[in-house]
Every structure is written in structure tokens, then in C-alpha cells.
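Here is the structure we will look at, set down as C-alpha cells.
In this text, all values refer to a predicted model and were calculated from it rather than measured experimentally.
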Amino acid sequence: MFKQRVVFVHGAGTFGAAAWPRQHGMGLAYDALFLRRHGYDSAAEPLESSFTEDTAIILRSLADDGRGAAGGHVVAHSQGAIPAMMAAVERPDLVFSLTLVEPACLSLTAELPATAAHISLMQPLFDVRHQLSDDDFQREFVRRVYATDLQQPATIEEKRSARRLRLQAPSWEAPLHIVPGVPTLVLTGGWEPLYEEIAGYLRETGALHRVAAGGHRPQDSLDGDRAIRQFISGVSRSQPARAS
């Protein structure tokens, strides 16, 4: 039986299937792919992030790779929402729908108050990130974003995670300045004005906005997971020709 493809794009923390624990079961109804963005590998050393490479990874995952059809739904979290939107701008014919969870699409709202304040706070840190150690950058990043302290990375994976964070390009520098014309759900946790501001901007351009508990990871909550599944199911039912 043919299954529509759903591509999951992680943020800056965990990656692959580990970033989407509540969505694993969607593989029963869909052809689910849990991507790894550029520079994310469980064995290789982290690489500098690339919006362009991430976009290409998403578009390749939507190609007709022998399944009999091209295209699919894209679900993306935080920084992963940037290349997801870029892919939809470049190839809207391949992106049936976008689900953006706490999207870090700051280039779209750079002049709005909460986003401008965030950029003002974080820009000085990113300006010196190549002069800082991975641990120092991560510690200062967490202090500025979450107003808390972080234990020093101890395991190999924790150290690689700290390096990946330092190698992430600032989200406000992304070459994303227009909104794609595809069905879009924005899911936020209702905890941070920055993400609510971005969601408000996208809502004004036609997106559906839902709020679910869970802080920066509302997809892990029962309500957040339900919102994702219902949205994709609704879009799928409205586009029967694409599922054949």
C-alpha cells in the first residue's frame, strides 16, 4: 500500500529518530524519514552548519527514490525549520505541507521587538564563537537563552553536541526572507515571546497556529503530537491525487 512520505528535520540538539520520540508511530501510516542535518553524525566530527546543505538534504529526501511518487510532508523543529521553509520556497511542488515546531526563523522577524532583542543579546556571542572553546560557548549560550548554568560536558557525545552548537550559524543570517505558499502549521510551547512572535508573523501570512505544553519541545506532549498528526492527516485527505 502506498504511503505518503513525512520527513522530520531536527533542531540543534538530538538528531535523527531520537529527536522525535512521540512521532515514531507515524511510520505505521506514513513513509517516515528522520533526517540528520549537515554536520550531525553519531561517529564523525561535527561540521559547520549550512542552510544550503540542509535544504538539499530535505529536497533529496522528497525525491521519487523508487517509491512511485515524489514529494511529502515536512515536519521541522527550531533551527530545522529554516531549511524546511527554504526547501518549500525552492520546490513548493514537493512540499505538501509544513509543520514548524518552535521555528527559529528569525530572519523573517528580525525587525520585530522580541526577535530584535534576542539578536542584540546573542550577536556579540556569535561574533566571537570561533575564538571560544566549545564548552565556553555552550555555557554562555545557555546562560543567555535560558538564564541557567550548564554542567560541563563529560561524555564524547556531550562534547560533540557542544561543538555542534558552536558551529551553528546564527539563524537570523539565514537566506530566508519570504514565506512559501504551502499549507503550514506552526506549533509553539507558549513559553517564549520570541517563538510566539515568529508564530504570529507566520499566522498573518496564512499559517495555522497551535500552542501545546512542553516548552521548546511541544512535539513531545500529547496535545502537540496530536496537533501534528491531525494537521498532516487533514492535508492528506484534501489532496487525494498526490497519494496515488
Does one side chain, of Gln219 or Asp225, offer a donor that lies under 3.5 Å from an acceptor on the other? no

Answer yes or no: is there a side-chain heavy-atom contact under 4.5 Å between Pro218 and Val101? yes

Which atom pairs, one a donor and one an acceptor, fall under 3.5 Å between side chains of residues 68-85 and the rest of the protein, sequence neighbours left out?
from  : atom 1 : to     : atom 2 : distance (Å)
His73 : ND1    : Ser97  : OG     : 2.7
His73 : NE2    : Gln4   : OE1    : 2.6
His73 : NE2    : Ser236 : OG     : 3.1
His77 : NE2    : His216 : O      : 2.7
Ser78 : OG     : His216 : NE2    : 3.2

Quick check: is Leu167 connected to Phe126 through a chain of hydrophobic side chains (ILVMFWY, heavy atoms under 4.5 Å apart)? no

What do the steps show when you test Gln123 against Trp172 for side-chain contact (heavy atoms from CB on, under 4.5 Å), and what is the final call? CA-CA 10 Å; Gln123 184 72 65; Trp172 53 89; 2.8 Å; yes

Tell me, with the steps shown, if Asp65 and Arg5 meet salt bridge (charged side-chain N to carboxylate O under 4.0 Å, His left out). CA-CA 11 Å; Asp65 49 9; Arg5 178 157 291 179; 2.9 Å; yes

Working to the nearest 0.5 angstrom, can you tell me the gap between Arg226 CZ and Ile228 CD1? 12.0 Å

Would you say Thr188's side chain and Tyr195's backbone share a donor-acceptor pair under 3.5 angstrom? no

Where is the tightest heavy-atom contact between Ser42 and Arg36, given as atom of each residue plus distance? N-NH1, 4.3 Å

Across all chains, not counting sequence neighbours, the side-chain hydrogen bond (donor to acceptor under 3.5 Å, both in side chains) partners of Thr52 are none

No-hydrogen, no-angle side-chain donor-acceptor test under 3.5 Å, Asp134 and Gln138: no

Hey, do the aromatic rings of Phe34 and His24 have their centres closer than 6.0 Å? yes

Can you check whether Tyr201 reaches Val179 side chain to side chain, under 4.5 Å on heavy atoms? yes

Between Asp31 and Lys3, does at least one N-O distance fall below 4.0 Å, as a salt bridge requires? no

Distance from Leu94 atom CG to Leu59 atom CG, nearest 0.5 Å? 6.5 Å

Which atom of His118 lies closest to which atom of Val145, heavy atoms considered: CE1-CG2, 4.3 Å

Compare every heavy atom of Ile198 with every heavy atom of Cys105, then report the nearest pair and how far apart it is. N-CD1, 3.9 Å

Does Glu111 have more than 12 heavy atoms from other residues, nucleotides or ligands lying within 6.0 Å of its CD? no

Check the hydrophobic clustering (I, L, V, M, F, W, Y; side-chain heavy atoms under 4.5 Å; chains of links allowed) and say if Leu121 and Leu165 are grouped together. yes

Thr184 side, atom OG1; His209 side, atom NE2 - distance, nearest 0.5 Å: 13.0 Å

Option from Ile58, Leu62, Ile57 for which side chain to side chain contact (heavy atoms under 4.5 Å, CB included) with Arg60 holds: Ile57

Under 3.5 Å donor-acceptor, Glu173 side chain and Ala169 backbone: no

Salt bridge between Glu196 and Arg203, side-chain N to carboxylate O under 4.0 Å? no

Residues Pro46 and Arg164: closest non-hydrogen pair is CB-CG, 3.4 Å

Is Val128 reachable from Val142 through a run of hydrophobic residues whose side-chain heavy atoms are each under 4.5 Å from the next? yes

Taking the side chain as every heavy atom from C-beta outward, state whether Val6 and Leu33 have any atom pair closer than 4.5 Å. no

I'd like to know if the side chain of Ser233 and the backbone of Arg229 have a donor-acceptor N/O pair within less than 3.5 Å. no

What's the spacing between Met122 CE and Leu106 CG if we round to 0.5 Å? 10.5 Å

Sidechain-backbone polar pair: Arg210 side chain, Gly224 backbone, donor-acceptor under 3.5 Å: no

Identify whether Met86 and Leu108 are in the same connected component of the hydrophobic contact network (ILVMFWY, side-chain heavy atoms under 4.5 Å). yes

Would you compute the distance between atom OG of Ser238 and atom CZ of Phe96 and round it to the nearest 0.5 angstrom? 11.0 Å

Residue pair Ala227 / Leu187: nearest heavy atoms and the distance that separates them: CB-CD1, 4.4 Å

For Trp20 together with Phe15, are the ring centres under 6.0 Å from each other? no

Using side-chain heavy atoms (C-beta onward) and a distance below 4.5 Å, is Arg160 in contact with Ile156? yes

Heavy-atom donor-acceptor pair, Glu102 side chain to Gly189 backbone, under 3.5 Å: yes

Hey, quick one: are Phe141 and Trp191 part of the same hydrophobic cluster, counting side-chain heavy atoms closer than 4.5 Å, chains of contacts allowed? yes

Indicate yes or no: at least one non-hydrogen side-chain atom of Leu98 is less than 4.5 angstrom from one of Pro183. no

Which distance, rounded to the nearest 0.5 Å, do you find between the CZ of Arg166 and the OG of Ser161? 13.0 Å

Is any side-chain heavy atom of Val7 closer than 4.5 Å to a side-chain heavy atom of Leu35? yes

Quick check against the 3.5 Å criterion: does Arg163 have a side-chain atom that pairs as donor or acceptor with the backbone of Leu47? no

Under the 3.5 angstrom rule, does the side chain of Thr109 hit a backbone N or O of Leu112 as a donor-acceptor pair? no

Here the pair of heavy atoms bringing Thr99 nearest to Phe231 is OG1-CD2, 3.4 Å

Do Arg37 and Gln168 pair up side chain to side chain, a donor and an acceptor below 3.5 Å, judged on atom types alone? yes

